[in-house]
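These notes are about the structure you will find just below.
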Amino acid sequence: MQEIGLALAATAFPCGCTALGAAVVFFLRGAPKEPARRAMMGFAAGVMLAASVWSLLLPAIERAGEGGAPGWLSPSLGLVLGAVGLMLLEHAAGDLLAGGRGHSGRVVLAVTLHNLPEGMVVGLAAALAAGGEAEYLAGVMALSLGIGLQNLPEGAAISLPMRQAGASRLKSFAGGVASGLVEPLGGVLAAALAVWVAGWMPWLLSMAAGAMITVTAQEMIPDAAEEGAGGIISIVLGFALMMALDVALG
């Protein structure tokens, strides 16, 4: 059970960072004004795009190549499956996910879907470290820190659109917190089922990236870029920050 405890400890920090990012709604007076809202949405979109590449697709390609198959095959297919799967799920869920200004349900779903395999990656590394492969312990710490830092703006990427759609501060905060709770769940599952999960990680990571890119392209980028250059600049800044964090901590 040592691997379960380590997985829980390692995923607690990213989960807490998601909650901290979501708490930004308590410091805003009313709904954010349009220019500020577009800038925040653009920044979150840039973060999500960069996280899709550096935190999900590149690790998926690396792991896929270790198995002897072409490194691009399962990540490419998983990326498409994640995008198509999200759109089908949105269609099936109807107004529950797609309704409301800002379509905040889509953002909640995409970020939640991407948090699950991130938690599984940490849990898998924790299982390897607990199994005697000491070099993975540093990897667990780096993954926990890197994912936690990226989750700060992701928590805000959920709570702010929900607040803009008319939800209360408490409900918006709860939505952001809930999206991060799947990370400890994924970590524990991966640690408990490490032998079987390891081979599926390229698919899980790339499918999560497909979901993130889809929701970013559907809602966040068009919203941020609707008027003026401020939203575009915020997208680039968010992408640059997430890229720098992932490369520095990688």
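Atom set for the values below is all heavy atoms of this structure, side chains included, hydrogens, waters and symmetry mates excluded.
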Mind listing the closest non-hydrogen atom pair of [X] and [Y] along with its distance?
X: A191; Y: A7; value: CB-CB, 3.9 Å
X: C15; Y: G180; value: SG-O, 3.5 Å
X: V177; Y: A19; value: CG2-CB, 3.7 Å
X: G119; Y: T11; value: O-CG2, 4.1 Å
X: S179; Y: T18; value: OG-CG2, 3.7 Å
X: A190; Y: M120; value: CB-O, 3.2 Å

Taking atom [atom1] of [X] and atom [atom2] of [Y], what is their separation to the nearest 0.5 Å?
X: L77; Y: W203; atom1: CG; atom2: CH2; answer: 4.5 Å
X: F43; Y: L241; atom1: CZ; atom2: CG; answer: 4.5 Å
X: Q218; Y: D223; atom1: CD; atom2: CG; answer: 13.0 Å
X: S234; Y: F239; atom1: OG; atom2: CZ; answer: 14.0 Å

| query | Quick check: does any side chain N or O of R163 sit under 3.5 Å from a backbone N or O of S172, one acting as donor and the other as acceptor? | reply | no
| message | Please check this pair: side chain of N151 against backbone of C17, looking for a donor-acceptor N/O pair closer than 3.5 Å. | response | no
Any [X] side-chain heavy atom under 4.5 Å of [Y] side chain:
X: L116; Y: E183; value: no
X: I221; Y: L49; value: yes
X: L79; Y: M207; value: no
X: L58; Y: V53; value: yes

| query | Looking at P70, S206, P59, which one forms a side chain to side chain contact (heavy atoms under 4.5 Å, CB included) with P75? | reply | S206
Between [X] and [Y], is there a shared hydrophobic cluster once you connect ILVMFWY residues whose side-chain heavy atoms come closer than 4.5 Å?
X: W54; Y: V236; answer: no
X: L189; Y: L181; answer: no
X: L6; Y: L185; answer: no

| said: If you apply the rule side chain to side chain contact (heavy atoms under 4.5 Å, CB included), what do you find for F173 with S159, and how did you get there? | reply: CA-CA 5 Å; F173 172 71; S159 62; 5.6 Å; no
| request: Run the numbers on L57 and L205 for side chain to side chain contact (heavy atoms under 4.5 Å, CB included), then give the verdict. | output: CA-CA 7 Å; L57 285 176; L205 290 168; over 6 Å; no
